[in-house]
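Okay, so here's the structure we're looking at.
Residue numbers count from 1 along this sequence. Quick note: numbers below take in every heavy atom, side chains included, and nothing from hydrogens, waters or symmetry partners.
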Amino acid sequence: MPDGEDIHSVDRIAGGFQRSAYSIFENSREKDIVLWQPGTVVEDIQSLPRPREARQRAESFLSLTGDSDLAVAPEWSYSVEWVCDHDELFADESPLFVLGCRPVEIEEMQETVENLHEDFCVIGEEVPDEPGKEFVTPTIIPLRADALGNVDEPTIVIQYKTYPMSEGANPNEADNLATGNRIHHLGPLSGAGVVVWTCSDLLDDDLREQVATYAQRGNVVVHPQCNPKPFHSEWTDFRSRIFNNRNDVTYICANWGTVPGVGGADIQWGYSGVYTKARKWSSLENYNRTYNNRGLQGVSPSNRAEYVWTLVDDGVSRLRVRREGNGPAPAQGLRPEPQILCTRTWDGSVYNEQSEKIDECGCEVCDDCDCRTCSDCKRAERQRRLPDPPRDAELVAAVTLWRLEIDEVNSLEERWDVPLAALENLRANGQEELAHSFAAHGHRRGSGVARNTRRLLETFEAASGRYGRFIHPADRCGPLDIPINAMDGGEDGVDISLSRLDDPTPGTRRERLADIAKLRNCQEDRNFRPLVLMVSPDGTELRQIDGLEDVTKGKFQPEDVTASSSPVEFVEVNR
């Protein structure tokens, strides 16, 4: 039940909010959410920011929202008076719209609100008018005439940004924004509803606490932004906090595809997406569907949240998330499976759906190659936009903890989109990372992530101690580098394949020898030292393979280590 001092319930203001009016308020069903991530240039950022060529894009976005539950546009994307000419926003069966609007001079906004009163029920505080301030930044939520039982005309809920961007992000806004004092909760007083706030509202300490409480109760938080740093600790900390409970929690962010830095320089790439509480991790099929639809999926293992982000400069994406409803014992057998169903990109006149499959250029080393063919490759361009270290850490872990099927190694470079999914790397620190990662492997499953992270760190620490000097994970560990996942910290810098074998028996030792032989055959042009940390109740040993003390010599085949009379065996390390 709403009780935030700065969060005002539309139901309490106007009475009789009808849960059946909008499907987003219904429990126990999947929700389709349409997010607009525009990529047009924003002009006049030092005065009144205005996106160029946005009107046609806005029309196209509106045409793609049918049969969805919620449609969200980012801050700065609309003008308030635009709603007067668009009856579609109030049509039967329309989704709930949340439209971030561009800044408006205070006097102009006052006149606009007066005009809106002629045709709409207007809910919201008086237009902020602070001495020395020049403009306000509104967010509007249009409501159909049947949404409120005590109101028989279309309604427009207006709220004003309550906190300016920091001076470093936008000094003009820090100096000249007149701020509001409230945001709104939409929906009946009982059950889950929708709470809307705008961009840097999160920097208001009191409001942040109230919204976090609402989110943890299972309300949907909708956050229109123009945010050049969506992964700043202020945002990641908030998102981590709201998932620390058992209720349905959904956080939705709409941002710009290209967000200007200070003074309009250094255009940065924005992210829009959906976070949801996870009861079981999603299937690889949905990871791949999201990636092929120009998105990326991730997890936050410490609080069992999953998320999907759209990765387009200028597009409209339809995302799906499951909400099961709150209760003392949530169903454990259902997956949240957040996913991107489709993405349409701007073609100069409309947002048009492209082929789902991402074309590859066919170069075998596309990820590391700077040839002209690879420079024009759509998949390589996507990969260059994403951070590499999470994927590399995933590979280091897969080899070290021996979760990588040998048969997969030969074909990794030929099927980037099959085993590669988008998850946080094995740091288990609650932070959000986006990259291609190996979700299919055992170290990525469920509650074992934190435990396996500790095992990974312990493995490198113990191996370094018994090796005599530091063994550090490889700086890069692409599929073509496997099984090399580590480096000798000395001046000679010997390549190392470090793995861990728990509770070794003669049989498992022999299997590991055979697997290393297979890996070595995959990399016959590379010299490396295979080291295995053997961990048992009796102690920890670092072993290497007899005959491979000198990494420039020696070669053995799998059959050399599988025969019962094989002389090949693990021996003490002689660095």
Side-chain angles (χ1 to χ4, degrees), residues 2-10 35 49 70 72-78 80 96-104 106 109 123-128 130 133 135-141 157-186 193-217 219-242 249-256 259 270-275:
D3 56 9
E5 181 180 344
D6 301 316
I7 303 178
H8 288 229
S9 166
V10 170
L35 295 181
L70 179 69
V72 187
E75 179 190 19
W76 295 5
S77 57
Y78 277 93
V80 176
L96 180 68
F97 285 96
V98 176
L99 307 178
C101 296
R102 66 196 65 169
V104 185
I106 293 172
M109 188 68 203
I123 295 177
E125 64 182 298
E126 295 291 330
V127 179
E130 302 176 43
K133 304 298 184 181
F135 59 84
V136 293
T137 298
T139 295
I140 59 174
I141 303 102
V157 180
I158 304 178
Q159 60 188 50
Y160 302 96
K161 198 170 181 177
T162 69
Y163 205 93
M165 294 186 197
S166 67
E167 185 175 353
N170 190 338
N172 174 50
E173 185 167 294
D175 291 339
N176 299 313
L177 176 70
T179 56
N181 295 306
R182 69 176 70 163
I183 63 174
H184 290 89
H185 172 275
L186 299 105
V194 171
V195 177
V196 178
W197 59 352
T198 305
C199 199
S200 50
D201 283 350
L202 177 139
L203 300 178
D204 182 325
D205 293 340
D206 292 337
L207 185 59
R208 183 173 64 250
E209 294 300 309
Q210 294 172 46
V211 174
T213 299
Y214 271 61
Q216 290 169 339
R217 292 175 179 171
N219 289 285
V220 178
V221 177
V222 181
H223 201 169
Q225 291 187 336
C226 181
N227 182 9
K229 295 182 178 179
F231 300 110
H232 188 278
S233 59
E234 293 279 1
W235 277 265
T236 58
D237 289 348
F238 171 79
R239 290 192 284 255
S240 294
R241 177 182 173 188
I242 63 176
V249 176
T250 303
Y251 169 88
I252 300 163
C253 171
N255 201 7
W256 282 69
V259 180
Y271 294 81
S272 303
V274 174
Y275 287 70

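Taking both residues in full, the closest heavy atoms of V136 and P138 are given as O-CD, 3.6 Å, listed atom of the first, atom of the second, then distance. In terms of heavy-atom proximity, C253 sits nearest to L35 at O-CD1, 3.6 Å. When all heavy atoms are compared, the tightest approach of D201 to Y163 is OD1-N, 3.5 Å. The shortest non-hydrogen separation linking N255 to C226 is OD1-CA, 3.5 Å. Residues Y214 and N219 come closest through the heavy atom pair O-ND2, 3.0 Å. When all heavy atoms of P224 and A73 are compared, the pair lying nearest together is CB-O, 3.6 Å.
Taken from CD1 in I106 to CG in L177, the straight-line distance is 8.5 Å, to the nearest 0.5 Å. The distance from the CD1 atom of I123 to the CD1 atom of I140 is 13.5 Å, given to the nearest 0.5 Å. Interatomic distance, CG of D205 versus CZ of R208, reported as 4.5 Å (0.5 Å rounding). A distance of 5.5 Å separates CD of Q159 from OG1 of T198, quoted to the nearest 0.5 Å. N227 contributes atom CG, which lies 7.5 Å from atom CE of M165 (distance to the nearest 0.5 angstrom). Here CD of E173 is found 3.5 Å from NZ of K161. Values are rounded to the nearest 0.5 Å.
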Chi angles and distances behind the side-chain contact (heavy atoms from CB on, under 4.5 Å) call for I183, V196: CA-CA 7 Å; I183 63 174; V196 178; over 6 Å; no
E125 vs H184, side-chain contact (heavy atoms from CB on, under 4.5 Å): CA-CA, chis, key distance, verdict: CA-CA 11 Å; E125 64 182 298; H184 290 89; over 6 Å; no
Step-by-step side-chain contact (heavy atoms from CB on, under 4.5 Å) determination, F135 to N172: CA-CA 10 Å; F135 59 84; N172 174 50; 3.8 Å; yes
Audit row: E5, D206, side-chain contact (heavy atoms from CB on, under 4.5 Å) steps and yes/no: CA-CA 9 Å; E5 181 180 344; D206 292 337; over 6 Å; no
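Side chain of Q210 to main chain of D6: a donor-acceptor pair is present (N/O by atom type, distance under 3.5 Å, no hydrogens or angles). Using modelled atom types, no side-chain atom of E75 and backbone atom of T139 make a donor-acceptor pair closer than 3.5 Å. Checked by atom type and distance alone, the side chain of S77 pairs as donor or acceptor with a backbone atom of G100 at under 3.5 Å. Panel note: side chain W76, backbone T137; no donor-acceptor pair is recorded below 3.5 Å.
In summary, the aromatic rings of W235 and Y275 are positioned with their centroids too far apart to meet the 6.0 Å limit.
Ring-plane geometry between H223 and W197 is classed as tilted, the angle between the planes lying from 30 to 60 degrees on a 0 to 90 degree scale.
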